[in-house]
2 protein chains.
Amino acid sequence: MHLHGYQGLRADLVVNELGITKGAYYHYFSGKQELGYSIVDEFIAPEQLQFWGALNGYFGHPIEGIVERLKALRTELKNDYFMTGSELNNLIQEMSPLDEGFRARLQRILEGMRLAIQGAIERGQKSRLVKADANAEEIALFVMANLLGAFSLAKAFQDRKFFDRCIEQMIGYLRGFKGQ
Amino acid sequence: MHLHGYQGLRADLVVNELGITKGAYYHYFSGKQELGYSIVDEFIAPEQLQFWGALNGYFGHPIEGIVERLKALRTELKNDYFMTGSELNNLIQEMSPLDEGFRARLQRILEGMRLAIQGAIERGQKSRLVKADANAEEIALFVMANLLGAFSLAKAFQDRKFFDRCIEQMIGYLRGFKGQ
DNA sequence: TATAATTCGTACCAACAGGTATGCATAAAG
DNA sequence: CTTTATGCATACCTGTTGGTACGAATTATA
C-alpha cells in the first residue's frame with residue numbers, strides 16, 4: 001500500500017506475501033476497505049500520534065522540542081522511506097476525495113499533530129520563551145504543510161536531500177519565534 | 001485523472017466522456033501511459049511553467065512578485081480545485097516511485113518552478129531589495145514544499161481555508177527577507 | 001482516377017481483481 | 001462425548017479493464 005497506494009494494493013499479493021490464503025484473509029477482514037482502514041487505525045495513526053505526542057513530555061524550550069522532532073525524522077527515517085514518501089501524505093492525496101472513511105481518519109491524525117505542535121508553542125508563550133504575538137495555530141499548520149510538502153519534494157526528486165534542506169529551513173523559521 | 005489518479009483512470013470512461021470510440025482513442029495514443037504522459041506534457045507542464053514564469057516579467061519588488069503569484073493562486077483557483085488538490089502534487093505522490101517517465105517529467109516542472117522563484121529572489125538581492133544573506137535556492141525549495149503541503153492539508157480537510165492560511169503564513173515569511 | 005494513407009467505429013478478448021462457496025480440521029461449550 | 005463455533009485451505013465466479021482485430025469511410029497522393 002505504501003508503494004502502490006490503496007487502490008493499487010492487490011489482495012492476491014497481500015495473501016502471498018503474508019504466506020496466508022484467501023480463506024484466512026477474508027476470515028479476518030470483510031474486504032479491502034476494512035483492511036485499509038485497519039492499516040490506518042492500527043499502524044499509521046498510532047505511530048504518528050506517538051511521534052508528535054512526545055512533544056508533551058519534552059522538557060526544555062518548546063521550540064527546541066519541535067526542532068528535535070524534526071531532526072528525529074531526519075535520523076530515524078531510512079533513505080528508502082523517502083522514495084515512497086510519507087504514508088500519511090500518500091493516503092491523503094489518494095483517498096481524501098474518494099472515501100470519507102479514509103478522509104476522516106486522516107484528518108484525525110492531522111488534528112492530533114496540530115494539537116501537539118500548537119500546544120508546544122502555546123506552552124512556550126506562557127513561559128515567555130516564545131514571542132507572544134506568534135499565532136500558535138497558524139504556525140502549527142504551516143509546519144505541517146511544510147513537512148508534507150518536503151516529503152513530496154523528496155519523492156519527486158527521489159532524493160532525501162530535498163527533505164533535509166526543507167527541514168533545515170523550517171528549523172531556522174521556527175527559531176525566529178524564540179525569545180522576545 | 002485529477003480525481004482518481006492515473007491508475008484509477010479508466011479508458012472506457014475517457015472515451016465515453018469525450019464522446020469518441022476506442023478506435024479513435026487508440027489511433028492517437030498507443031495506450032494509457034502515452035495518454036498520461038501527454039496530459040503532463042501538454043497541460044500540466046505548460047500551465048505551471050507559464051504561471052511561475054510570469055515572475056520573470058514582473059516589475060517591482062521581486063518578493064512582492066512571488067507574493068502576487070501566491071495570491072493569484074488564492075483568487076484563480078476555484079473552491080472545487082482544493083477538493084482534488086494540485087494535479088502536480090497528486091501525480092508526484094502516485095507515480096514518482098512507480099514510473100520513471102512520469103517522475104522525470106514532474107521533476108522538470110518542479111525545477112522550472114524553482115528556477116523562477118529562485119531567480120526572482122536573486123534579482124532582488126542584486127538590486128539590494130532582498131537581504132544578501134538569504135539563500136535563494138533554499139528559500140525557493142521551502143516555498144515550493146509549503147505550497148505542495150498546503151494543497152495536501154486543504155485536501156485532507158476538504159476545506160480550502162487551510163490552503164489560504166498556509167499561504168498567508170508563507171507571505172509573512174517571505175516578506176521577512178525584504179530590505180537589508 | 002487509381003492508390004495509398006489516415007481516421008475511427010464495432011465487436012471482441014484474455015488477464016486480472018475482488019470476492020464467494022464450501023468443506024474440513026481444530027477448539028470451545030454444554 | 002456430542003455439538004457448536006472458530007480458523008482457514010481450495011476451487012471457483014463474475015465484473016472489469018486495458019488492449020486488439022478488422023473493416024469501412026474519408027482524405028491525401030501519384
Side-chain angles (χ1 to χ4, degrees), chain A residues 1-46 83-85 87-106 155, chain B residues 1-46 83-85 87-106 155:
Chain A
M1 189 159 107
H2 195 184
L3 177 60
H4 292 94
Y6 169 76
Q7 295 178 92
L9 183 69
R10 298 295 166 228
D12 281 0
L13 284 182
V14 169
V15 300
N16 282 344
E17 274 193 43
L18 292 178
I20 62 174
T21 61
K22 283 204 165 182
Y25 172 66
Y26 282 100
H27 180 69
Y28 289 103
F29 298 97
S30 67
K32 192 176 170 181
Q33 190 181 60
E34 194 176 291
L35 173 65
Y37 287 177
S38 296
I39 292 174
V40 176
D41 292 336
E42 297 177 30
F43 290 92
I44 301 177
M83 303 302 107
T84 40
E87 302 98 335
L88 180 60
N89 200 16
N90 293 0
L91 273 178
I92 288 173
Q93 293 301 325
E94 183 186 5
M95 298 308 295
S96 282
L98 296 180
D99 185 305
E100 177 60 20
F102 270 109
R103 197 201 64 76
R105 283 170 168 80
L106 301 170
K155 191 169 176 175
Chain B
M1 191 160 106
H2 195 184
L3 177 60
H4 293 95
Y6 169 76
Q7 295 179 93
L9 184 69
R10 298 295 164 229
D12 281 0
L13 284 182
V14 169
V15 300
N16 283 343
E17 275 192 43
L18 292 179
I20 62 174
T21 60
K22 282 203 164 182
Y25 171 66
Y26 281 100
H27 178 70
Y28 289 103
F29 299 96
S30 66
K32 192 175 169 182
Q33 189 182 62
E34 195 176 291
L35 174 64
Y37 287 176
S38 296
I39 292 174
V40 176
D41 292 336
E42 297 176 30
F43 290 91
I44 301 177
M83 304 300 108
T84 39
E87 303 98 334
L88 179 60
N89 200 16
N90 293 0
L91 273 179
I92 288 172
Q93 293 300 326
E94 183 186 2
M95 298 309 295
S96 282
L98 295 181
D99 185 304
E100 177 59 19
F102 270 109
R103 196 202 63 77
R105 284 169 168 80
L106 301 170
K155 192 170 176 177

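Here is the naming used below: chain letters follow the sequence lines, and residue numbers restart at 1 for every chain. Quick caveat: nothing in here was measured; it's all calculated off a predicted structure.
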Cut-off 3.5 Å, side chains only: do A/Glu94 and B/Gln93 have a donor facing an acceptor?
->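 Distance-only check fails for A/Glu94 and B/Gln93.
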
Which atoms form the tightest heavy-atom contact between [X] and [Y], and what is the distance?
X        : Y        : value
B/Gly101 : B/Tyr37  : CA-OH, 3.2 Å
B/Val15  : B/Thr21  : CG1-O, 4.0 Å
B/Ala11  : B/Tyr26  : CB-OH, 4.5 Å
B/Ser96  : A/Lys155 : CB-O, 3.5 Å

Tell me, which pairs form a salt bridge (charged side-chain N to carboxylate O under 4.0 Å, His left out) where one or both residues lie in residues 12-38 of chain A, sequence neighbours left out?
->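 For residues 12-38 of chain A: A/Asp12-A/Lys22.
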
Which one of B/Thr84, B/Leu9, B/Asn90 satisfies the side chain to side chain contact (heavy atoms under 4.5 Å, CB included) criterion with B/Leu3?
->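 Only match with B/Leu3 under side chain to side chain contact (heavy atoms under 4.5 Å, CB included): B/Thr84.
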
Nucleotide range of DNA chain D lying under 4.0 Å from chain A heavy atoms | D/dG7 to D/dT10

Given protein heavy atoms under 4.0 Å, the one-letter contact record of nucleotides 4-22 of chain C, with B base, S sugar-phosphate only and - none, is simply ---BBBB------SBBB--

